[in-house]
Amino acid sequence: MSAAAARAVLEVSDAVVEFDTDGGRITAVDGVSLQLSTGETLGLVGESGCGKSTLARAILQLVPMQQGSVRLEDTDLGSLSPRELRRMRHRIQMVFQDPRGSLDPRMSVTALIGEPLRVHGIGDRASRAREVAEAMELVGLPALVADRLPSELSGGQQQRVGIARAIVTDPAVLVCDEPVSALDVSIQAQIINVLDELRDTLNLAMLFIAHDLSVVRHLSDRVAVMYLGQFVETGTASEVFTEPRHPYTQGLITSVPRADTESAARLQTARRLVLGELPSLLDPPSGCRYRTRCPYATDRCADVEPPPDLLDGHHAVRCHHHRAITAGEHQPSSKSMRG
Amino acid sequence: MSLPLLEVDDLHVTFNTASGPVHAVDGVSFTMESGDSLGVVGESGSGKSVTARALLRLFAITDDVRIAGSVRFDGVDLLRIDERKLRDVRGGQIGMIFQDPLTSLNPLMAVGEQIAESLRLHRGMGRSEAAAEAVELLGRVGIADPERRATELPNSFSGGMRQRVMISLAIACRPRLLIADEPTTALDVTVQAEILLLLDELRRSEQMALMLITHDFGVVAATCEDVQVMYAGRLVEKASMVHLFDRANHPYTEGLLRLVPRFEDAHTGRLHPIAGQPPITGGGGSSCAFAPRCSHAFDRCRSEVPPEVAVGPQHLSACWLAAERAKDATEAGRPWKRDP
Ligand SMILES: Nc1ncnc2c1ncn2[C@@H]1O[C@H](COP(=O)(O)OP(=O)(O)OP(=O)(O)O)[C@@H](O)[C@H]1O
Ligand SMILES: Nc1ncnc2c1ncn2[C@@H]1O[C@H](COP(=O)(O)OP(=O)(O)OP(=O)(O)O)[C@@H](O)[C@H]1O
Ligand code: SF4
Ligand SMILES: [Mg+2]
Ligand SMILES: [Mg+2]
């Protein structure tokens, strides 16, 4: 095991999550492994429906896994009784997308933030009040709003309450599922700063899910790119974002509209890297999951599932041809080119 | 010189609400020519959507709303024609796309039929001609197997495909102006890229004017030549896209540009949110509406509305410091890119 794994507070191995749907059984998370160390942020990106939230919920044991394990601080969460699991839960907490919907409208700010402490039976009344006040200060909530109801708060304040609730139990791991996507741009910036500061001051391990790649890049040390339930590329943020190897990662990154004069030209390139529509999970492609949209796909891609290919460091890519593509020795097939 | 395609002059929109009047649009003026592409940006509540809706008087009957000013489209003031004539313009000469295509599509009618209906109404086509044209249009917006898909209901389309259907409906009557309000906000980036390219191609091939409302400067950069920044119901800055990124003049624009992480930057310290919030009652005051949040504000900002000042070619900024800041920008380059 590598040094990083030794220090990992969270270790997910070969997680598989399946759902029974009207159309049949789907594999929403298909053999995902990850490690997360103290003070480190792993960003998780990928198209809608690729399994990001399901993975997050599986890690928190909110949906059952058909296979694999989740270890939190060397405890296998899957082996715990419901009671033991409840006792562990304060060590891993979650921040949700919709701040309003995740807060009980009848509870005051202090009651909401103190709730996890009461539920987990942490401390006494006085110490809880101190913890709540401290959490409020950490997320930048003025004491003035302590007695307000969620409806009397701005969107940004509501999300601060959501974050305060998550950190008040002193978790080792914070899972953030689209924590800023429901917020207006200037409030987004405030919340991103709060998370950034908390990670540093509390030395949190953070799993950060967002569809905005600029935000993910800003916050993450490492990044995992997910496609149809699998990680297709993982590495440090700069490896994945400045030297993307997987054709899907390349397409995703090129698709981000940037505020510069090359923006339109870049989108033309993006269109050539991500073809057609996302296939259904009910009928996932054989071999490489990305092959139906990949301009570089060959027969081998349809026949053989590419294993993760580990480059130097932690950079891993699941593509048969990425080395040849990077060397300029493998061109897109002309029949897949459009326009 | 010929008449501009769209000439909005001193547009005001006021809602009477239970908690008092909201000046959602407070004296907006701009023009657009055929083939123009104009991005409108600003924080939530700045009046972008209300401006677009006012052009076509698209308000709910329950809205207690007052509109003033003029909206000349092809020389005709849309605020002064009757509702029946305006209905011909909506979805005819002026097409619209909204963020959530499901709310604008009839869930019980096959998409091909919805497009055909619009073609019969606005272009006077016969039944079979309209049906054939609907299929043609679905193909044009990049929907594979359009004959079959034309017969399907909206909910059998993915988010991106649904937005394509919406676009085909909006362009069915060859509009001269297409208004797109956050058309890609709910979509994945890869799908967003396709939709933006499609809008851009349509604008070029049809010589259509495009007004695109968004909160994302990246989206503007990809699709628009011009941009205007809105705050509290007013246009605070107008410029060509290239010029704005180079020489943002208004402190609000500068704040907006600095507050989002830019993809090309790795972690460069904390972000710079703009302190405070936009006024919930919109504009209408006798000051610069941004003054309470502006770090450069001085007495005059709090007592007089700053006029639009030319600070460069086709570049206007409504700030008492506009001229001074324009000079600094020329000397110092891109002020918003500098770290404090
Ligand atoms: N409880 C469930 N029952 C059945 N299917 C589910 C359930 N939860 C999720 N799914 C399906 O699993 C797949 C992955 O969904 P998930 O919510 O994890 O995606 P996501 O990557 O978080 O997407 P988004 O970006 O839209 O939030 C989807 O096809 C979804 O429809
Ligand atoms: N029907 C209405 N009745 C009363 N006030 C309204 C109505 N519609 C909009 N407003 C108000 O008008 C102002 C401008 O709203 P508008 O929808 O134009 O904002 P926007 O710039 O489009 O914001 P967003 O980015 O959130 O879409 C806001 O203060 C809003 O609350
Ligand atoms: S394995 Fe083949 S189909 Fe998959 S990404 Fe690589 S080249 Fe494309
Ligand atoms: Mg999700
Ligand atoms: Mg709007």
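Chain identifiers are assigned alphabetically (A, B, ...) following the order of the sequence lines, protein sequences preceding nucleic acid strands; residue numbering begins at 1 within each chain.
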Just jot down the salt bridge (charged side-chain N to carboxylate O under 4.0 Å, His left out) partners of Arg293(B), sequence neighbours excluded, or say none. Glu43(B)
Results of side-chain hydrogen bond (donor to acceptor under 3.5 Å, both in side chains) for Ser49(B) - residues two or more places apart only: Asp181(B)
Could you grab the distance from atom CZ of Arg270(B) to atom CG of Asp196(A), nearest 0.5 Å is fine? 4.0 Å
Bottom line for Ser154(A): the part with an atom under 4.5 Å from chain B's heavy atoms is side chain
Can you check whether Arg262(B) reaches Ser214(A) side chain to side chain, under 4.5 Å on heavy atoms? no
Quick one: which residues of residues 186-194 of chain A reach chain B at under 4.5 angstrom, heavy atoms only? Ser186(A), Ala189(A), Gln190(A), Ile192(A), Asn193(A)
Keeping Asp188(B) on the side-chain end and Ser48(A) on the backbone end, is there a donor-acceptor pair under 3.5 Å? yes
Minimum heavy-atom distance between Arg217(A) and Phe263(B), given as atom pair plus value: NH1-O, 2.9 Å
Quick check: are there more than 12 heavy atoms from other residues, nucleotides or ligands sitting under 6.0 Å from CD of Gln314(B)? no
Flag the one option from Pro257(A), Ser263(A), Ala264(A) with the top tally of heavy-atom pairs under 4.5 Å to chain B. Pro257(A)
Could you work out, with salt bridge (charged side-chain N to carboxylate O under 4.0 Å, His left out) as the rule, every residue matching Glu239(A), not counting sequence neighbours? none
Give, as side chain, backbone, both or neither, the part of Leu187(B) having an atom under 4.5 angstrom from any heavy atom of chain A. neither
Do His211(A) and Val189(B) have side chains that get closer than 4.5 Å, going by heavy atoms? no
Glu277(A), part contacting chain B, at a heavy-atom distance under 4.5 Å: side chain
Are the charged groups of Glu201(B) and Arg271(A) less than 4.0 angstrom apart, N to O? yes
Using a cut-off of under 4.5 Å for heavy-atom pairs, which of Val256(A), Leu273(A), Asp260(A) has the most such pairs with chain B? Asp260(A)
Do Phe245(B) and Thr261(A) have side chains that get closer than 4.5 Å, going by heavy atoms? no
Side-chain donor-acceptor pair under 3.5 Å between Ser255(A) and Gln192(B), yes or no? no
